[in-house]
Amino acid sequence: MSRLRNLVLSAAVLAGVSTGAASADVVGKVGVDWIGNDILVDAVADPEVKGVTCHVSYFDRSVIDRVKNGNWFEDPSNSAISCHQTGPIEIGDIDLSKGGDEVFKSGISLVWKKLVVTRIYDKQNDTLIYLAHSRELTNGSAKMAISTVSLYGQTVTWKKGKPQ
């Protein structure tokens, strides 16, 4: 993670603010140019759906790029996501509404902008949908990515019973 992001996360922890429902492990870091910009890849295990892991990639701006472009406080909203079954699936207490559950949240600006992963259950197609998007206080972004995990034909344990 970038130094700026580490400072922000440290401040949030000290203030007792949660950075999201799930934790992420950085599993990849690819340099994209000579000024230090990187693409980071995080592995995010769904805390309420055991056996599903999402890999989320996003842009991490370098200090040089921040100085050059004059925007010190945020990374771009661009992200990508891919989610797959990585073990036996056990579904806990998930929100079955169309708005779904926020699975993961990470700051991509000093204060207001967040990278969010939301899980939605598509009952008709027996599928989990994972939507990666940014959330901003006033200017929402249309940049998003989506991944699905089909439950069809899988042995799935529902802690509260499968929705009818």
Side-chain angles (χ1 to χ4, degrees), residues 1-13 15 17-33 37-62 65-66 69-86 89 91-151 163:
M1 286 188 165
S2 72
R3 281 182 238 163
L4 177 63
R5 182 165 292 132
N6 282 337
L7 288 172
V8 171
L9 289 176
S10 296
V13 169
V17 176
S18 171
T19 58
S23 63
D25 295 318
V26 177
V27 296
K29 182 177 180 179
V30 177
V32 295
D33 58 28
N37 291 316
D38 297 317
I39 295 174
L40 298 179
V41 180
D42 288 351
V44 179
D46 187 328
E48 288 295 330
V49 181
K50 291 180 183 169
V52 172
T53 303
C54 296
H55 290 89
V56 182
S57 64
Y58 54 94
F59 195 77
D60 185 35
R61 293 177 55 223
S62 70
D65 190 39
R66 291 173 192 280
N69 291 317
N71 184 347
W72 277 91
F73 302 110
E74 66 183 34
D75 287 330
S77 298
N78 303 348
S79 64
I81 188 169
S82 181
C83 302
H84 296 280
Q85 180 177 355
T86 54
I89 295 180
I91 300 177
D93 187 19
I94 66 171
D95 185 340
L96 300 174
S97 73
K98 290 185 186 281
D101 275 325
E102 193 172 275
V103 174
F104 174 75
K105 176 173 54 178
S106 178
I108 55 176
S109 78
L110 189 56
V111 181
W112 304 114
K113 191 175 181 182
K114 306 280 185 215
L115 169 63
V116 179
V117 175
T118 301
R119 176 198 342 94
I120 300 167
Y121 176 60
D122 174 356
K123 181 179 168 186
Q124 182 176 347
N125 295 297
D126 203 17
T127 299
L128 296 171
I129 302 165
Y130 291 86
L131 172 68
H133 60 98
S134 67
R135 177 179 299 138
E136 296 183 53
L137 187 62
T138 58
N139 296 322
S141 174
K143 296 176 182 175
M144 69 196 92
I146 192 170
S147 184
T148 62
V149 176
S150 175
L151 303 178

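Remember, it's a predicted structure, so these values are computed and weren't measured experimentally.
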Rounded to the nearest 0.5 Å, how far apart are [atom1] of [X] and [atom2] of [Y]?
X      : Y      : atom1 : atom2 : result
Arg119 : Glu48  : CZ    : CD    : 6.5 Å
Lys50  : Ile89  : NZ    : CD1   : 13.0 Å
Asp126 : Leu151 : CG    : CG    : 4.5 Å
Tyr130 : Ile146 : OH    : CD1   : 12.0 Å
Thr148 : Leu128 : OG1   : CG    : 9.0 Å

query = Is a side-chain donor or acceptor of Asp122 paired with a backbone partner of Gln124 at a separation under 3.5 angstrom?
reply = yes
query = Are any side-chain N or O atoms of Asp101 and backbone N or O atoms of Asp95, one a donor and one an acceptor, separated by less than 3.5 Å?
reply =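 Yes, the answer is positive, given that a donor and an acceptor are paired below the 3.5 Å cut-off.
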ask   = Between the side chains of His84 and Thr86, does any donor sit under 3.5 Å from an acceptor?
value = no
key: Close side-chain approach of Ile129 to Tyr121, heavy-atom, < 4.5 Å   = no
Taking every non-hydrogen atom, the tightest pair across [X] and [Y]:
X      : Y      : result
Thr127 : Ser150 : OG1-CA, 4.0 Å
Cys83  : Val149 : O-CG2, 3.7 Å
Ser97  : Ile120 : O-CG2, 4.5 Å

task = Begin from the C-alpha positions of Val117 and Val56 and carry the test side-chain contact (heavy atoms from CB on, under 4.5 Å) through to its verdict.
result = CA-CA 9 Å; Val117 175; Val56 182; 3.9 Å; yes
